[in-house]
Asks: 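What follows is a structure written as structure tokens; I'll ask about it next.
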Amino acid sequence: MKYFKKCLMLTGLILSVNYLMAQNPLIRNQFTADPSARVFNGKVYLYPSHDILATPGHGRAGWFCMRDYHVFSSTNLTDWTDHGVIVSQTKVPWVDSTTYSMWAPDCIERDGKYYFYFPAPAKAGGGRGFSVGVAIGDKPEGPFIPQPSPIAGIHGIDPNVQIDKDGQAYIYWAQGNLYGAKLRANMLELDSQPVKLEGFPDKGLKEGPYLFERKGIYYMTYPHVADKIERLEYAVSNTPLGPFKYAGVLMDESTSGCWTNHQSVIEFKNQWYLFYHNDDLSPNFDKNRSVRADSLFFNEDGTIRKVIPTLRGVGVTPATAKIKIDRFSAKSADGVEIKFLDTLNKFKGWKTVFDNAGSWVKYNSVSFGNKKLKQLHVNARSATGGTLLITAEGAPNKIIAKISIPKGDDWSIAKGNLLSIPFGVKNLIVQLQGDGSVEVDWVSFE
Ligand code: FUB
């Protein structure tokens, strides 16, 4: 992961912009959950919840704790810009700022304005449970101005808003089951009585509605506790408010045991993507989650192929980036382990540990462009000394470099000349030759 911070002086204000580069999870400078991805003006914008750890007097220990929202954007799904806080519980007039419950949001554009929807508990007198508010901006990254009151008639969480082809807007939300209503053109008031959406499994919590339309089919996606923890499912209809028909599982329950999941689906540059979350950066506490993305594919009949979560995620990685092969696309059955670089600061990311002769990882979609790269650099450490063989996948695979990692306790950058120079986009295979144990942080071409 590449992460650096740039401070800009703008009209006397210091505006802080973080540039992040990541595979899965996508965001590595904070916890993020419940991703609502949107395509605005040719860029992908990501509106997630912002999980933090509760501290005494600030949130409930052992539970979800969120005080604000950030927005992120990307032109290539690999490099993400953190635009900073857009809405905070202390800046919304109606929100009870002692609750730290700024749960799953959404954002949509209408007539050049951006409407950011978010659930939160209201101050005393505002009703029990969650209400849903709106903040309005002139740009997808804000600034957003919160409305003084939440939307009348909605009690629930996880708002999702869609505008149909005829211009009618709909809002969906959850309260154990899924609900929906028409929205007025001002995007701030209901234009119909809320209805409980029909056609979903009767048993088990359902939340996180996210609707999209493709070729006349309305796909309602949602997390559902069919057994013990949430999995992602979808149902279809030919109208935005249903009735829907259960259509299948989008993504199975996480193997990590993360209790929640939450999704959004977008088409970007002719490819469909599923955004979701897991507990990658906090494997022992699943209320501190991290967003991910993987490609999504439709069958000929319009049904969706189940998405298998990957670490590699999406996007093309430049060969000159620090390529984190721990976000692998495939690996040998034995001899490769992925571990945190620093267990005391998991935001530093992971390392790949090879300790069987012949063990390997494959990292897909590295762009070599048409520049004549000359060297491979590997940030590595080896208690035994060892040799890494780097090949480009093909028929047959082509050896790109062979690098000796010296014996030692410290991380250092080993360099080697390229034996062949790849062009275009290639899948990389990194393999331990012979015995030994080698830890790799990243590889990069120069
Ligand atoms: O992030 C808090 C809640 O967890 C969301 O609102 C739900 O969808 C679940 O992900």
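Counting starts at 1 for both ligands and their atoms, in listed order. The first residue in the sequence is number 1, and the count goes up from there. This one's a predicted model, so the numbers in the text were calculated from it and none came from an experiment.
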Asks: Considering only heavy atoms of H277, which atoms of ligand 1 have at least one such atom less than 4.0 Å away?
Replies: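 Counting atoms of ligand 1 from 1, those under 4.0 Å from H277 are 10 (O).
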
Asks: Would you mind telling me which of Q263, H224, K206 makes a side chain to side chain donor-acceptor pair (under 3.5 Å) with E233?
Replies: H224

Asks: Just which atoms of ligand 1 are under 4.0 Å from any heavy atom in A104?
Replies: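 With A104 as reference, the close atoms of ligand 1 come out as 6 (O).
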
Asks: Only heavy atoms count here, so choose which of D158, L205, T260, N261 is nearest to atom 7 (C) of ligand 1.
Replies: D158

Asks: What atoms in ligand 1 come closer than 4.0 Å to a heavy atom of M66?
Replies: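 In order of numbering, the contacting atoms are 1 (O), 2 (C).
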
Asks: Quick test: of every protein heavy atom, which one is nearest to atom 3 (C) of ligand 1, and how far off is it to 0.1 Å?
Replies: W103 CE3, 3.7 Å

Asks: Report yes if H262 has an N/O atom closer than 3.5 Å to an N/O atom of ligand 1; otherwise report no.
Replies: yes

Asks: Please list the nearest protein heavy atom to atom 9 (C) of ligand 1 with its residue and the distance rounded to 0.1 Å.
Replies: E207 OE2, 3.5 Å

Asks: Is it the case that the side chain of Y45 and the backbone of V39 share a donor-acceptor pair, with hydrogens and angles ignored and the cut-off at 3.5 Å?
Replies: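 Judged by distance alone, no pair lies under 3.5 Å.
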
Asks: Quick one: look up the protein heavy atom nearest atom 1 (O) of ligand 1 and list residue, atom name and how far away it is.
Replies: D34 OD2, 2.5 Å

Asks: Taking the inter-plane angle between the rings of F347 and F31 on a 0 to 90° scale, is it parallel (under 30°), tilted (30 to 60°) or perpendicular (over 60°)?
Replies: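 F347 and F31: tilted rings.
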
Asks: Please list the nearest protein heavy atom to atom 4 (O) of ligand 1 with its residue and the distance rounded to 0.1 Å.
Replies: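 Minimum-distance protein heavy atom for atom 4 (O) of ligand 1 reads R289 NH1, 3.3 Å.
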
Asks: How about H277 and T260: does a side-chain donor come under 3.5 Å of a side-chain acceptor?
Replies: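 Their side chains do contain a donor-acceptor pair, which is all the 3.5 Å distance test asks for.
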
Asks: Could you check whether D68 and S88, counting side-chain N and O atoms only, form a donor-acceptor pair closer than 3.5 Å?
Replies: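 Side chains of S88 and D68: no pair found under 3.5 Å.
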
Asks: Closer than 4.0 Å to some heavy atom of F64 - which atoms of ligand 1 meet that?
Replies: 4 (O)

Asks: Is there a side-chain hydrogen bond (donor to acceptor under 3.5 Å, both in side chains) between R305 and N299? Walk through the geometry before answering.
Replies: CA-CA 7 Å; R305 283 191 228 154; N299 295 311; 3.1 Å; yes

Asks: So which pairs with a foot in residues 131-159 pass ring-ring contact (aromatic ring centres under 6.0 Å, His included), sequence neighbours left out?
Replies: F116-F144

Asks: Identify which one of K346, R292, R28 satisfies the salt bridge (Lys or Arg N to Asp or Glu O under 4.0 Å) criterion when paired with D280.
Replies: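 Only one of K346, R292, R28 forms a salt bridge (Lys or Arg N to Asp or Glu O under 4.0 Å) with D280, namely R292.
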
Asks: For ligand 1, note which part of A33 has a heavy atom under 4.0 Å away: side chain, backbone, both or neither.
Replies: neither

